[in-house]
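Questions regarding the structure given below will be posed in turn.
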Amino acid sequence: MKLTGFWPALPPMLSALIAALMLAGCAPAGENKITLNVKVTAHALADGVPHEGSSVLEIKLRRTPNSLSGMAMSMKLKGEAVILDMGRDRTAYFLLKDYVHDILNGYDVAPSAGSVDETSFDKLQAASGVIDVPRKQYPKIAAFKDETDPATVYEVDPDDFADAFGPGVELTGLTLELVDEPMTEKIAQRLAWLEPARGGRLVPIEGNRIATKDASFGQLTKQSDFITLRLE
């Protein structure tokens with residue numbers, strides 16, 4: 001049986017207000033959001049010479065303590081992968097990752113995104129210094145046999161850089177730092193074929209747009225793993 005007239009209709013303005021409060025986690029505007037510029041730096045040794053490459057990401061966080069999704073915080077990421085150029089055609093790309101868990105832990109803000117509270121963003125505002133990313137938290141690392149051809153992409157083992165780049169090459173660390181620097185914009189000049197708006201896979205999957213367990217690294221890797229859209 002269909003029930004009619006059981007729920008009273010809400011005035012449009014009241015409906016809009018309720019929706020806005022739900023999206024904001026029922027929190028006062030301006031007190032529960034923060035924008036972080038995070039410098040991600042990869043460190044390596046090649047033939048005894050230290051090399052490093054970095055990228056500055058923009059991460060926008062908003063507390064949503066009463067969100068119907070059950071999440072205590074929402075996140076938006078903008079930026080590009082880290083380019084670690086060690087010379088002699090030895091370049092590694094550290095694919096995009098939001099690093100929120102690493103930031104919260106590394107700066108002793110909170111054990112997880114789900115435990116962020118009203119003091120967490122104040123702690124982030126006051127945080128300083130360089131922190132190490134645990135090896136198990138590293139993003140995927142990619143390299144190309146030919147950078148002009150995205151289909152030549154392959155995965156690099158962080159524990160065995162020598163296998164990808166030859167003897168005497170070693171990844172020594174990955175660090176994060178909260179900085180007052182703009183987002184970097186380098187990768188589009190290096191990989192001219194990037195079209196983040198399309199977000200396609202580097203190696204298309206013939207006849208099936210869904211990646212299976214047998215998919216190659218190139219089929220699993222998307223252009224959006226290298227760069228995000230510059231959304232305002």
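If you read the sequence from its start, that first residue is 1, and numbering goes on from there. As the structure is a prediction and not an experimental result, all values here were calculated from the model.
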Using a cut-off of 6.0 Å, state whether more than 12 heavy atoms not belonging to D89 lie near its atom CG.
no
Check for me, please, whether I205 and L220 land in the same ILVMFWY cluster - side-chain distances under 4.5 Å, paths through other members count.
no
Check the pair K39, E181 against side-chain contact (heavy atoms from CB on, under 4.5 Å), reporting the backbone distance first and the verdict last.
CA-CA 8 Å; K39 189 171 189 176; E181 299 176 21; 4.0 Å; yes
Quick one: closest heavy-atom pair of H101 and S112, and the distance?
ND1-CA, 4.5 Å
S120 side chain to D117 side chain, donor-acceptor N/O pair below 3.5 angstrom:
yes
Say whether I227 and V203 are linked into one hydrophobic cluster, either directly or through other cluster members, by side-chain heavy-atom distances under 4.5 angstrom.
no
Chi angles and distances behind the salt bridge (charged side-chain N to carboxylate O under 4.0 Å, His left out) call for D85, R90
CA-CA 6 Å; D85 190 334; R90 299 174 297 188; over 6 Å; no
Verdict with reasoning, Q223 to L202, per side-chain contact (heavy atoms from CB on, under 4.5 Å)
CA-CA 6 Å; Q223 297 199 27; L202 269 60; 4.1 Å; yes
With a 4.5 Å heavy-atom cut-off, do R135 and P158 have their side chains touching?
yes
Backbone N/O of K76 and side chain of R62: donor-acceptor pair under 3.5 Å:
no
Evaluate the side-chain proximity of I83 to T91: yes if any heavy-atom separation is below 4.5 Å, no if none is.
yes
Candidate pair D47 and R88, rule salt bridge (charged side-chain N to carboxylate O under 4.0 Å, His left out), full reasoning:
CA-CA 11 Å; D47 306 318; R88 293 168 46 192; 2.8 Å; yes
For D108 and K123, the nearest pair of non-hydrogen atoms, with its separation, is O-CD, 4.4 Å
Across all chains, not counting sequence neighbours, the ring-ring contact (aromatic ring centres under 6.0 Å, His included) partners of F94 are none
S55-T184 side chain donor-acceptor pair, cut-off 3.5 Å:
yes
Shortest non-hydrogen pair, E147 vs L191, comes out as O-CD2, 3.9 Å
Are the side chain of T221 and the backbone N or O of G218 linked by a donor-acceptor pair below 3.5 Å?
no
Kindly say whether A126 contributes a backbone atom to a donor-acceptor pair with the side chain of Y107 at under 3.5 angstrom?
no
Looking at every non-hydrogen atom in both residues, tell me the closest pair between E58 and M183 and how far apart they are.
CB-SD, 3.7 Å
Please tell me whether I103 and V130 are part of a single hydrophobic cluster in this structure, the criterion being side-chain heavy atoms less than 4.5 Å apart.
no
Given L171, which of I141, D159, L45 fulfils the side chain to side chain contact (heavy atoms under 4.5 Å, CB included) condition?
I141
Could you walk me through whether K97 and Q137 pass the side-chain contact (heavy atoms from CB on, under 4.5 Å) check?
CA-CA 10 Å; K97 177 187 169 182; Q137 299 292 342; 3.5 Å; yes
Using side-chain heavy atoms (C-beta onward) and a distance below 4.5 Å, is L96 in contact with D225?
no
Exercise: identify the closest heavy-atom pair between S54 and K186:
O-NZ, 3.3 Å
Please test E170 against F165 for side-chain contact (heavy atoms from CB on, under 4.5 Å), starting from the C-alpha separation and ending with a verdict.
CA-CA 9 Å; E170 176 188 3; F165 303 115; over 6 Å; no
Less than 4.5 Å apart, side chain to side chain, heavy atoms only: is that true for L174 and T41?
no
Can you tell me how far apart OH (Y138) and CG (L95) are? Round to the nearest 0.5 Å.
14.5 Å
Side chain to side chain contact (heavy atoms under 4.5 Å, CB included) against A188, all qualifying residues, sequence neighbours excluded
none
Spell out, as yes or no, whether a donor-acceptor pair under 3.5 Å connects the side chain of S115 to the backbone of A110.
no
Inter-residue atom distance E155.CD - S216.OG, 0.5 Å rounding:
11.0 Å
Could you state the interatomic distance from OG (S224) to CD (E195), rounded to the nearest 0.5 Å?
13.0 Å
Taking the side chain as C-beta and beyond, is there a heavy-atom pair between Y93 and I187 under 4.5 Å?
yes
Does the ring pair (Phe, Tyr, Trp, His ring centres under 6.0 Å) test come out yes or no for Y154 and F144, once each step is laid out?
CA-CA 6 Å; Y154 62 95; F144 297 90; 8.0 Å; no
Among V40, N37, V82, D180, which one satisfies side chain to side chain contact (heavy atoms under 4.5 Å, CB included) with V56?
N37
What one should report as the nearest heavy-atom pair of P139 and Y99 is CG-OH, 3.4 Å
For R63 and S74, which I'm curious about, is there any donor-acceptor pair between the side chains at under 3.5 Å?
no
Rounded distance [0.5 Å steps], CD in E52 versus CE in M86:
13.0 Å
What's the separation between atom CE in M75 and atom CG in D98, rounded to the nearest 0.5 Å?
3.5 Å
Treat each ILVMFWY residue as a node, draw an edge where side-chain heavy atoms are under 4.5 Å apart, and state whether V179 and L57 are in one component.
no
Just wondering, do H43 and T175 contact through their side chains at under 4.5 Å, heavy atoms?
yes
Heavy atoms, side chains only, cut-off 4.5 Å: are I59 and T35 in contact?
no
